[in-house]
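Here's the structure, in structure tokens; my notes come after.
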Amino acid sequence: MQPPPFPLARPRRLRRSPAVRALVRETGLTSDRLVAPLFVKEGITEPRPVASMPGVVQHTMSSLRDEVKDLRAAGVGAVLLFGVPLAKDGVGSEAWNDDGVLQQALRALRDDHDDGMVLIADTCLDEYTSHGHCGPLREDGSIDNDAANEAYARAAVSQAAAGADLVAPSGMMDGQVAALRGALDAHGYAETVGIMAYCSKYASALYGPFRDAAECAPQFGDRTTYQLDPANADEGVREALADVAEGADVLLVKPAATYLDVVLRVKQATRLPLAAYHVSGEYAMVHAAAARGWLDGDRAMAEVLTSIRRAGADLVITYAAGWMARRLRDHA
Ligand code: PBG
């Protein structure tokens with residue numbers, strides 16, 4: 001028998017035209033799956049650009065409100081809010097001040113929006129502590145895990161009262177999800193406020209630009225005693241399973257593009273809604289290369305965000321959320 005002149009399978013048949021490619025495309029990146037991280041700073045009268053993150057600013061209360069209206073109009077699904085307070089102290093007490101900058105922002109945004117805009121509050125202390133660590137310190141300089149959890153719980157309840165739909169503990173303390181769930185339930189938020197748990201957050205070099213924006217660089221040491229070792233994927237999955245057992249509603253892997261294996265494995269192991277955080281350094285890298293003409297920045301950014309969805313993330317948290325949502329709308 002004569003072999004066929006060419007293989008019967010011709011995968012390129014499905015790559016022939018834009019319409020055929022669209023028909024068989026596996027991964028859709030839609031604007032309702034995008035989450036925009038935003039910074040609101042106390043005591044400024046003009047928004048302040050963050051040099052290492054083109055297009056990102058520290059917002060005033062009023063520029064924040066405008067930005068969230070624009071993001072909603074573009075179809076972005078949620079915002080993740082970080083407060084940058086004027087006053088910092090050793091324990092980060094502004095984090096649970098009912099009148100703190102983040103709480104004020106949540107109230108204003110809840111006032112501007114019905115349930116159609118999901119408000120997520122960062123629940124951590126590093127923006128609020130004078131030393132920049134994610135929890136209070138013991139005498140020897142180590143972070144006091146359980147005291148941190150108590151503080152997170154107070155902050156989460158205060159954020160829930162101010163209108164947060166989800167609270168997002170990002171400090172990587174052991175037991176933080178259980179601490180938050182217990183406090184939220186005790187204060188009447190059992191059915192209304194969920195937890196987006198940073199389950200697998202790595203001690204990454206890619207957070208540098210964020211620390212400028214949130215003014216939270218550790219004043220000594222680093223975060224390697226609480227954030228995960230970048231070499232460990234099994235541990236990332238174990239942490240995710242622990243957070244599921246503690247009552248997490250949504251899981252979060254961070255960074256995203258350099259941890260796609262963890263995204264896939266956490267999704268497969270838990271089947272919970274999963275967010276992946278395309279972090280400040282990942283965003284800055286694309287912009288820096290594009291500014292030199294070394295990359296087509298628009299295509300590269302869209303490709304990276306799509307790859308995060310493809311790996312299994314339901315939600316993509318990115319500083320490019322507004323840009324991406326508008327691009328999806330205009331190029332649909
Ligand atoms: C800390 C926190 C960090 C980020 C989000 N929350 C920084 C850190 O752990 O040092 C980083 C986000 C980014 O780089 O975009 N609670």
Side-chain angles (χ1 to χ4, degrees), residues 34-40 50-58 79-85 88 92 94-96 102 120-136 143 145 148-149 151-152 155-156 159 166-173 176-177 180 195-230 236 239 251-259 275-288 301 304-305 308 313 315-322:
L34 295 169
V35 180
L38 298 172
F39 305 97
V40 56
V50 180
S52 47
M53 287 197 277
V56 176
V57 301
Q58 293 180 318
V79 292
L80 171 59
L81 299 165
F82 295 90
V84 185
K88 303 184 186 229
E94 273 298 298
W96 59 86
L102 180 52
I120 310 174
D122 179 67
T123 309
C124 198
L125 296 181
D126 56 319
E127 304 96 309
Y128 300 92
T129 53
S130 42
H131 43 74
H133 277 290
C134 297
I143 284 93
N145 189 92
N149 282 342
Y152 296 170
Q159 293 164 351
L166 295 168
V167 292
S170 60
M172 290 303 286
M173 294 300 129
Q176 62 184 11
V177 175
L180 260 60
I195 299 176
M196 185 169 87
Y198 286 67
C199 57
S200 318
K201 175 174 175 178
Y202 287 85
S204 173
L206 299 168
Y207 306 149
F210 173 94
R211 293 177 185 172
D212 297 338
E215 301 175 14
C216 67
Q219 297 304 301
F220 67 92
D222 56 31
R223 304 205 205 287
T224 49
T225 65
Y226 40 109
Q227 299 180 349
L228 300 180
D229 182 338
E239 285 273 15
L251 298 171
L252 191 158
V253 171
K254 172 181 172 183
T258 32
Y259 294 82
Y277 198 145
H278 178 244
V279 299
S280 57
E282 296 179 297
Y283 175 84
M285 287 193 289
V286 174
H287 274 281
M301 191 70 83
V304 173
L305 299 181
I308 296 166
L315 307 176
V316 181
I317 304 175
T318 173
Y319 302 96

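Ligands are counted one by one from 1 in listed order, and the atoms in each one are counted from 1 as well. The figures that follow rest on heavy atoms only: side chains count, while hydrogens, waters and symmetry mates do not. By convention here, the first residue in the shown sequence is residue 1.
- The shortest N or O to N or O distance between Tyr198 and ligand 1 is not below 3.5 Å.
- At least one N/O-N/O distance between Arg223 and ligand 1 falls below 3.5 Å.
- Gln219 and Ser130 share no side-chain donor-acceptor pair at under 3.5 Å.
- Remark: side-chain polar atoms of Glu282 are paired, donor with acceptor, to backbone N or O of Val279 under 3.5 angstrom.
- In this structure, a donor-acceptor pair under 3.5 Å is present between the side chains of Tyr226 and His133.
- The closest approach between His278 and ligand 1 stays at or above 4.0 Å for every heavy atom of the residue.
- Summary of contacts: the protein heavy atom closest to atom 15 (O) of ligand 1 is Tyr319 OH, 2.6 Å.
- Among protein heavy atoms, atom 1 (C) of ligand 1 sits closest to Asp126 OD2, 3.0 Å.
- An N or O contact shorter than 3.5 Å links Ser280 to ligand 1 by distance.
- Each of the following atoms of ligand 1 lies closer than 4.0 Å to a heavy atom of Tyr277: 12 (C), 15 (O).
- Residues Arg211 and Asp126 are not paired through a salt bridge, judged by the lack of any N-O separation under 4.0 Å between the basic side chain and the carboxylate.
- Ligand 1 lies out of reach of Tyr283, whose nearest heavy atom is not under 4.0 Å from it.
- In this structure, of Arg211, Lys201, Glu282, the residue bringing a heavy atom nearest to atom 10 (O) of ligand 1 is Arg211.
- Closest protein heavy atom to atom 5 (C) of ligand 1: Lys254 NZ, 2.4 Å.
- Aromatic ring orientation, Tyr283 versus His278: perpendicular (interplanar angle above 60°, classes split at 30° and 60°).
- The aromatic rings of Tyr202 and Tyr259 lie parallel to each other, with less than 30° between the two planes, well short of the 60° mark.
- To the nearest 0.5 Å, the span separating OG1 on Thr123 from CG on Leu102 amounts to 8.0 Å.
- Within the listing of ligand 1, atoms 16 (N) sit less than 4.0 angstrom from a heavy atom of Cys124.
- Heavy-atom distances between Gln227 and ligand 1 reach below 4.0 Å in at least one pair.
- For the pair Lys254 and Tyr207, the cation sits on the ring face: its NZ or CZ lies under 6.0 Å from the ring centre, inside 45° of the axis.
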